[in-house]
Enquirer: 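Shown below is the structure under consideration.
Note that the structure is predicted; figures quoted are calculated from it, not measured. So you know, we letter chains A, B, ... as the sequences are listed, proteins then strands, and number each from 1.
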Amino acid sequence: MWPARLPEAASAAGPAGIPAPAALPPGGLAPGAPALSEGRCAHGKGTLSGETFGLGASTPGLGRPGPASRDAVWCSRLSKSYGHRAALRSVSLRISSGEVVGLLGPNGAGKSTLVKLLVGLARPDSGEALVLGAPLGHPQSRRDIGYLPELFRYQPWLSVAEVIGLHARLCPVPVADRRREVDRVLDRAGLADRGQDRVASLSKGLQQRLGLAVALLGKPRLLLLDEPTSALDPTGRADVRSLIDQCRAEGITVLLNSHMLSEVERSCDRVIVLDRGRVLADGPLGAWLDHDVLRVRLDGEAGRFVPCLAHFGEVSAHARELTMPSLALSLVPDVVGALVAAGARVVSVEPGQVSLEEKLLELLSGHDEDRP
Amino acid sequence: MTNILVFARLTLLEASRRKVLWALLGLAVLIIGLSFWGFARLPAVHAFGTSLSAANSHLVTAQLLGFVLFALSFVGALAMSFVAAPTIAGELESGVALSLLARPVRRSEVLLGKWLGLVSLAVGYVAIVGGAEIAAAETGTGYQVPDPVAAVALLAAQAVVLLSLALLLSTLFSPMAAGVVAVGLFGTAWVAGLVGDIGQSLRDSSVAAVGTVDHLLLPTDGLWNGVMNALDQTGLMNSFSDRLIGNPFFQTSGLTAAYLVWSAAWLVAVVACTYLRFCRVEL
């Protein structure tokens, strides 16, 4: 177990630490809890989307001073460096029980590091965190965490059923239930007929299914899935989506770290975006995607027609497609007219909503511009 | 305790499934078979037209037994180094450790389980093979090892020392580097012990000190000397000691209790260092 170090302010306040969430009144701090104060847990300017991106008002939990009893994950100013490279910088977030949250960000943003800290596989340099009411790496929380690592392997010389049996022992699943539990997760991961196969003989996709089966052992309360579908075929991805839906129905908290944005879009209630170790945005998915956008597909390169549409507002071009956010539908005929007048051959015009990918790219490019 | 046994069993299962166990037993059968054939022919050997005297025959048997046990211990040392070295480093590198250490298990349980599994493997191998070899010598030549239990126990202790070192190296280096360094240190310790023996035979205290320091830093050669001593009859030592001093397969003095305590303390310290290092490893 690696308890997170207390920040300096907390050390000054005394070693009282954090009261266990179970001891807290719903939604707030225990009266007189000395170590937690508004100041200690205040998020730095620009760190959270609440201030920077206008999503905070509807973001669950933001602005709350400390851990609440319904929090499955609560982090305050969590930082982690590997040598001189900062992987996480003062990350503060909370995930309520039963939420399905997507963790997004470019490669090297710190997503996997955050997940490893939550599991207790790495130690934070500073900051505080509670997972299922226990400090990072506490055996009690590990018992209730199902974890699928991004880069993992199982013992190639064991059979599928032996790997699951081994993890069932370590979980620990009671002896009386072990056989049934192994069969249950084998079936749930679509490996019911592969139990006797050696791990070495499995394809990458089947090994990922095995990883999912192991993560589901013991009916976890928190599921941390790090790129769960990277090696899966479309059927496998659909299975994972259905699995997440089932977890949601059962009240299991899910943190889904994935580059498959369509998957996040379909499965998650909320997204947290990390970039260069910081929380760039944190908000409900609905609020993110609730923006109209007009997509115009042309027969040819779209970029050269951007200037002729500039007076309609914001326009972006990608290959043969023009995208115009926040355009009133009444202006669509005028847009098409302007394009035709400029010599464009319009193939299709599609009013719709902004996609998660578009929103994420916009967010990340905006953050790039902020870079000194 | 249950988790320790789970990891110990897993280590033994890996050795079996990866055919390490069978390879070791195959090599042992080969060495024991060949040496038994040699021992059985020894009484019929003639030197300078006459058969060997009982004393000479026993001396040759003791020396041959030393050679063969050294070969077995060398095979065992190589095997233990290459099995122990990737035990932790390999699992960290491959990602196997990610899912195991995410479970509610203590790192001490993982480490002690793996160590216990490796120790069982080493002790089992040495007990079976060393015992069979000593029995082969007795059956073939009638030579009775004065203290076979001590010989086998010290041989096993040597293997345990080396595998514990390899396990420590496994938390510091890559699997390949850990194995190479462990075998390299084993060989270096043997050569340094030999230099010390030569220093003793030449009555040169500074050269002899090389052996003493070597035995303190890595007790494999010191324990090997104990094995050699346990194999030789007192009468033989008295008869030939002047001519055999400096011979790595002949030891005139046994191990002191202080040295055995030192070796045990060394072992505990290495396992403790491995634990401290393993606890600091981040994934």
Enquirer: How far apart are the closest heavy atoms of Ala122(A) and Leu283(B), and which atoms are they?
Expert: CB-O, 4.1 Å
Enquirer: Can you give me the closest heavy-atom contact between Leu101(B) and Arg142(A), atom names plus distance?
Expert: O-NH1, 2.6 Å
Enquirer: Kindly give the heavy-atom pair with the smallest separation between Leu98(B) and Lys116(A), and that separation in Å.
Expert: CD2-CE, 4.1 Å
Enquirer: Is the number of heavy atoms from other residues, nucleotides or ligands within 6.0 Å of CD (Glu250(A)) greater than 12?
Expert: yes
Enquirer: Under 6.0 Å from the CZ atom of Arg169(A), do we count more than 12 heavy atoms belonging to anything else shown?
Expert: no
Enquirer: For Arg178(A), does the CZ atom have more than 12 heavy-atom neighbours from other residues, nucleotides or ligands under 6.0 Å away?
Expert: yes
Enquirer: If you compare all heavy atoms of Leu10(B) against all heavy atoms of Gln155(A), which two are closest, and at what distance to 0.1 Å?
Expert: CD2-NE2, 3.9 Å
Enquirer: At a 4.5 Å cut-off on heavy atoms, which part of Leu170(A) comes close to chain B: side chain, backbone, both, or neither?
Expert: both
Enquirer: Can you tell me if CZ on Arg106(B) sees more than 12 non-hydrogen neighbours from other groups inside 6.0 Å?
Expert: no
Enquirer: Answer whether the closest heavy-atom distance between the side chains of Glu282(B) and Thr113(A) falls below 4.5 Å.
Expert: no
Enquirer: Please list all pairs meeting ring-ring contact (aromatic ring centres under 6.0 Å, His included) that have one or both residues in residues 86-120 of chain B, counting only residues at least two apart or in different chains.
Expert: none
Enquirer: Side-chain contact, heavy-atom cut-off 4.5 Å: Arg280(B) with Arg123(A)?
Expert: yes
Enquirer: Less than 4.5 Å to any heavy atom of chain B: does that hold for the side chain of Tyr147(A), its backbone, both, or neither?
Expert: side chain
Enquirer: Under 4.5 Å, heavy atom to heavy atom, which residues of residues 14-23 of chain B contact chain A?
Expert: Glu14(B), Arg17(B), Arg18(B)
Enquirer: So what's closer than 4.5 Å to chain B heavy atoms on Gln140(A): side chain, backbone, both or neither?
Expert: neither
Enquirer: Rounded to the nearest 0.5 Å, what's the gap from CG on Leu166(A) to CZ on Arg103(B)? Could you check?
Expert: 9.0 Å
Enquirer: Please round to the nearest 0.5 Å and tell me the distance separating atom CG of Leu13(B) and atom CD of Glu162(A).
Expert: 6.0 Å
Enquirer: Which heavy atom of Pro104(B) sits nearest to which heavy atom of Cys171(A), and what is that distance?
Expert: CG-O, 2.9 Å
Enquirer: Do the non-hydrogen side-chain atoms of Leu100(B) and Phe152(A) ever get within less than 4.5 Å of each other?
Expert: no
Enquirer: In terms of heavy-atom contacts, does CZ of Phe74(B) have more than 12 from other residues, nucleotides or ligands at under 6.0 Å?
Expert: no
Enquirer: By a 4.5 Å heavy-atom criterion (distance strictly below it), what part of Leu158(A) contacts chain B: side chain, backbone, both, or neither?
Expert: both
